[in-house]
Engineer: 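Quick one: this structure, given as structure tokens, is what I'll be asking you about.
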Amino acid sequence: MLPLELIRKDPERVRRAAALKKESAPIDEILELDREWRSHQNAAETIKAEQNRLSKEFAKTRDEQLKERLREMAEHAKAELAEADAIKAKLDDLLLRVPNIFDESVPLGDSEADNVVLREWGAKPDLGFSPRTHYDLGEALGIMDFEHAARVAGSRFAFLLGEGARLERALVQFMLDVHTRDHGYTEVLPPFLVNSASMVGTANLPKFADVAYRVEGEDLWLVPTAEVPLTNFHRDEILDGESLPLKYVAYSPCFRTEAGAAGKDTRGFIRLHQFSKVELVKVTTAETSMEEFEKLTADAEDILKRLGLHYHTLLMCTGDMGFAQYKKYDLEAWCPGLDRFLEVSSCSVFNDFQAMRANIRYRPARGTPPRFAHTINGSGLAITRTIDAIMETYQRSDGTITVPEPLRQYMGGLEVIGAR
RNA sequence: GGGGAGGUGGCUGAGUGGCCGAAAGCACCCGCCUGCUAAGCGGGUAGGGGGUGUAAAGCUCCCUCGAGGGUUCGAAUCCCUCCUUCCCCGCCA
């Protein structure tokens with residue numbers, strides 16, 4: 001969330017940022033509640049101060065009249081405080097619904113049409129034949145199965161079978177190995193269910209409750225991304241400034257209702273209620289966050305390069321970047337069969353927006369007051385869609401698929417999927 | 001699931017109704033002392049919020065001893081609920 005001070009001092013800036021992000025922000029209501037809250041808070045504190053003072057006097061005098069007066073004061077203070085607390089609760093809830101501001105370098109725009117292509121790597125492969133889609137290939141090879149998944153779970157689920165399942169496992173291993181060995185991240189296996197406080201910390205709540213799955217009767221949510229457990233790992237902590245940046249990488253399944261995406265990407269292994277992802281998270285300082293953000297994006301891009309997948313990097317515009325992000329890049333991999341780019345990674349820097357919600361702070365040096373950390377995250381990469389890009393890019397005219405070289409060691413030396 | 005014991009500052013740990021936001025030790029910081037180091041001596045070191053202040057500093061008040069409620073003039077301390085950690089038993093991958 002944003003500091004109340006910022007909203008008090010520069011409400012226009014916050015209003016403008018929200019408008020450009022196409023989000024609503026109840027600024028006027030917040031300012032009004034802030035005034036009311038401080039007024040009641042002040043009243044309560046004034047009474048309390050007097051009460052504390054007189055209470056000490058009572059301890060000496062044991063004056064019955066004074067005792068009666070103190071009883072009244074206590075009641076009065078309690079009433080004022082209750083009022084203040086009720087207002088503050090409303091205020092806090094509204095604050096959680098105010099979107100983040102954004103970086104100067106973010107282009108202004110309404111939709112994905114206004115995103116900027118920052119760079120492009122590789123080229124569309126010339127296969128020499130008409131490319132097929134991953135689902136076409138996958139079903140023909142018997143490594144991807146949507147029919148049985150629909151029976152077992154419903155639409156937007158899939159089974160991977162045989163070499164398909166093994167390809168997914170290989171990708172997870174490969175990505176985790178590269179990020180830990182070559183990029184310096186610490187591997188984590190997080191809980192796949194998290195509580196509400198964690199969901200609030202990363203800004204998945206309260207605004208996006210409808211896209212996450214909740215366990216009935218419990219304060220638990222299925223993780224929509226490993227970002228939630230990773231970032232919240234340090235919730236309510238004051239970190240040692242020397243230890244920053246902290247770098248974590250985790251594999252997890254991700255669960256999303258895809259509410260609002262009805263009819264979109266219904267075909268194929270693209271937009272599922274459950275998909276696999278390797279996620280990168282950094283916790284760092286205000287001074288280094290933008291630089292660490294660029295590095296994290298490069299770490300994600302490195303995976304695509306090693307796999308030899310043609311991709312481009314988009315700088316997301318204000319209207320397409322999201323509620324919590326301060327700046328965001330999307331990595332999109334080319335899928336020849338689908339004849340389009342697919343988003344395989346989204347890398348974001350949040351400034352202190354998440355850290356304020358999750359109360360993650362650090363002490364820059366001994367004896368200095370704590371400051372809110374900056375958080376960064378990005379997919380490195382979404383496994384599911386990476387499989388699509390690999391299948392479509394490395395398909396051969398007979399419908400088999402060449403295994404990219406770096407993955408072969410994770411697949412027992414297998415060179416071609418579907419070879420007989 | 002049943003029974004028992006705990007959750008206090010960066011850490012260890014004392015504190016069972018006011019003198020306690022909190023002893024002591026450790027760690028750390030500043031200073032003194034000292035060929036150097038160590039030891040020793042003196043001082044300092046929790047977080048959040050409100051008010052004041054152009055701001056920093058400072059001053060001042062309020063809150064916080066796992067969380068929330070209650071009793072009381074007054075709660076770290078008494079009562080209730082919840083969370084959580086550890087131990088024993090049962091069950092179980």
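Basis for what follows: all heavy atoms, side chains included, without hydrogens, waters or symmetry-related copies. In what follows, chains are A, B, ... by sequence order, proteins preceding strands, each numbered from 1.
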Engineer: Is the closest basic N to carboxylate O distance between A:Arg35 and A:Glu32 below 4.0 Å?
Structural biologist: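 Salt bridge between A:Arg35 and A:Glu32, a charged N being under 4.0 Å from a carboxylate O: yes.
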Engineer: Which residue, A:Leu4 or A:Lys56, contacts RNA chain B at a nucleotide closer to its 5' end, judged by nearest heavy atom?
Structural biologist: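 First, find each residue's nearest nucleotide; the 5'-ward one identifies A:Lys56.
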Engineer: Without decimals, in angstroms, what is the distance between A:His76 NE2 and B:C73 C1'?
Structural biologist: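 In whole Å, B:C73 C1' and A:His76 NE2 are 17 Å from each other.
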Engineer: With C1' as the reference atom in both, quote the distance from B:C63 to B:G3 in angstrom, rounded to an integer.
Structural biologist: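 Taking atom C1' in both B:C63 and B:G3, they lie 37 Å apart.
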Engineer: Closer to the 5' end of RNA chain B via nearest nucleotide, is it A:Leu70 or A:Ile238?
Structural biologist: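 With A:Leu70 and A:Ile238 compared, the 5'-side residue is A:Ile238.
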Engineer: Less than 4.0 angstrom between a side-chain N/O of A:Arg38 and OP1 or OP2 of B:G51, yes or no?
Structural biologist: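 Answer is yes, contact under 4.0 Å.
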Engineer: What's the closest nucleotide to the side chain of A:Arg361 if the choices are B:G18, B:G48, B:G70?
Structural biologist: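 Given the options B:G18, B:G48, B:G70, the side chain of A:Arg361 is closest to B:G48.
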Engineer: When you measure from the side chain of A:Pro370, which nucleotide among B:G48, B:G18, B:U71 comes out closest?
Structural biologist: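 Of the options given, the side chain of A:Pro370 lies nearest B:G48.
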Engineer: Starting at CG of A:Asp85 and ending at C1' of B:G49, how long is that distance when rounded to a whole Å?
Structural biologist: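 These atoms are roughly 12 Å apart.
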Engineer: When we call it a touch if two heavy atoms are under 4.0 Å apart, what does A:Lys60 touch: a base, just sugar-phosphate, or nothing?
Structural biologist: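 Counting heavy atoms under 4.0 Å across all strands, no contact is made by A:Lys60.
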Engineer: Determine the interatomic distance between C1' on B:U72 and the same-named atom on B:G18; round to the nearest Å.
Structural biologist: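 Between the two C1' atoms, the distance is 12 Å.
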Engineer: Rounding to the closest angstrom, what is the interatomic distance between B:G17 and B:A76 at atom P?
Structural biologist: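 Going atom to atom, P in each nucleotide, I get 13 Å.
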Engineer: Tell me, please, which residues at least two apart from A:Ala389 pass side-chain contact (heavy atoms from CB on, under 4.5 Å).
Structural biologist: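 For A:Ala389, the residues satisfying side-chain contact (heavy atoms from CB on, under 4.5 Å) (neighbours in sequence not counted) are A:Leu309, A:Ala333, A:Cys335.
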Engineer: Can you tell me the Watson-Crick or wobble partner of B:U16, both distances under 3.5 angstrom?
Structural biologist: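 Check on B:U16: unpaired, no WC or wobble geometry under 3.5 Å.
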Engineer: For the residue pair A:Asn52 / A:Ser55, report whether a side-chain donor-acceptor contact shorter than 3.5 Å exists.
Structural biologist: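 Distance-only check fails for A:Ser55 and A:Asn52.
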Engineer: Could you state the atom-to-atom distance from CG of A:Leu91 to P of B:G50 in whole Å?
Structural biologist: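 Going from A:Leu91 (CG) to B:G50 (P), I get 11 Å.
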Engineer: Is there a side-chain contact between A:Asp219 and A:Arg214, using heavy atoms and a 4.5 Å cut-off?
Structural biologist: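 Yes - at least one pair of side-chain heavy atoms lies under 4.5 Å apart.
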Engineer: For atom P, what is the distance between B:G4 and B:U8, given to the nearest Å?
Structural biologist: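 Going atom to atom, P in each nucleotide, I get 22 Å.
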Engineer: Measuring only the C1' atom in each nucleotide, how far is B:C11 from B:C87? A whole number of Å is fine.
Structural biologist: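 To the nearest whole Å, 24 Å.
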Engineer: Give a yes or no on this: more than 12 heavy atoms of other residues, nucleotides or ligands lie within 6.0 Å of atom NZ of A:Lys305.
Structural biologist: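 Yes, enclosed.
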Engineer: Between B:C83 atom C1' and A:Asp219 atom CG, what is the distance in whole Å?
Structural biologist: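 For the pair A:Asp219 CG and B:C83 C1', the rounded distance is 11 Å.
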Engineer: Under 6.0 Å between ring centres, would you say that holds for A:Phe192 and A:Phe255?
Structural biologist: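 Ring centroids of A:Phe192 and A:Phe255 are no less than 6.0 Å from each other.
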Engineer: Using whole Å, report how far CH2 of A:Trp37 lies from P of B:G48.
Structural biologist: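 About 14 Å, once rounded to whole Å.
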Engineer: Partner of B:C92 by Watson-Crick or G-U wobble geometry, both contacts under 3.5 Å, or none?
Structural biologist: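 Because no pair has both required distances under 3.5 Å, B:C92 counts as unpaired.
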Engineer: Would you kindly give the CE-to-C1' distance between A:Met356 and B:G48, to the nearest whole Å?
Structural biologist: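 After rounding, the reported distance stands at 12 Å.
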Engineer: How far does the P atom of B:G70 sit from the matching atom of B:A14, given to the nearest Å?
Structural biologist: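 The answer is 31 Å between these two P atoms.
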Engineer: Between B:U12 and B:G2, how far apart are the two C1' atoms, rounded to whole Å?
Structural biologist: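 One C1' to the other, the span is 33 Å.
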Engineer: Quickly work out the A:Phe58 CZ to B:G18 P distance and round it to whole Å.
Structural biologist: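 Computing the A:Phe58:CZ to B:G18:P distance gives 14 Å.
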Engineer: State which residue, out of A:Thr202, A:Thr375, A:Asn100, fulfils the side-chain hydrogen bond (donor to acceptor under 3.5 Å, both in side chains) condition with A:Gln354.
Structural biologist: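 Result: among A:Thr202, A:Thr375, A:Asn100, A:Thr375 is the only option passing the side-chain hydrogen bond (donor to acceptor under 3.5 Å, both in side chains) with A:Gln354.
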Engineer: For B:G74, does either OP1 or OP2 sit under 4.0 Å from a side-chain N or O belonging to A:Arg71?
Structural biologist: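 It does not, given that no N or O in the side chain of A:Arg71 lies less than 4.0 Å from OP1 or OP2 of B:G74.
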Engineer: Pairs under 3.5 angstrom, nitrogen or oxygen only, protein versus nucleotides 55-63 of chain B, please.
Structural biologist:
{"residue": "B:C62", "atom": "OP1", "partner": "A:Asn52", "partner atom": "ND2", "Å": "3.0"}

Engineer: Using the C1' atom as the point on both nucleotides, what is the distance between B:C65 and B:A46, in whole Å?
Structural biologist: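 My reading of the C1' atoms in B:A46 and B:C65 gives 11 Å.
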Engineer: If B:U52 has a Watson-Crick or G-U wobble mate with both distances under 3.5 Å, name it; if not, just say none.
Structural biologist: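 By the stated definition (distances under 3.5 Å), B:G58 pairs with B:U52.
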Engineer: Using a cut-off of 4.0 Å on non-hydrogen atoms, how would the nucleic acid contact of A:Gln51 be classed: base, sugar-phosphate, or nothing?
Structural biologist: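 Answer is sugar-phosphate: A:Gln51 comes under 4.0 Å of backbone atoms only.
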Engineer: Pairing donors with acceptors under 3.5 angstrom, does anything connect the side chains of A:Tyr251 and A:Glu187?
Structural biologist: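 Note: A:Tyr251 and A:Glu187 side chains miss the donor-acceptor criterion.
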Engineer: Apply the salt bridge (charged side-chain N to carboxylate O under 4.0 Å, His left out) test between A:Asp34 and each candidate in A:Arg8, A:Lys88, A:Lys9; give the one that qualifies.
Structural biologist: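 Of all the options given, the one that passes is A:Arg8.
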Engineer: Heavy atoms under 4.0 Å, any strand shown: does A:Arg8 hit a base, just sugar-phosphate, or nothing?
Structural biologist: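 Sugar-phosphate contact only - A:Arg8 comes under 4.0 Å of backbone atoms but never of a base.
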Engineer: Rounded to whole Å, please give me the gap between CG in A:Asp240 and C1' in B:C28.
Structural biologist: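 Taking CG of A:Asp240 and C1' of B:C28, I get 12 Å after rounding.
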Engineer: Tell me which nucleotide, if any, is Watson-Crick or G-U wobble paired with B:G7 when both distances must be under 3.5 Å.
Structural biologist: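 With both distances under 3.5 Å, B:G7 matches B:C83.
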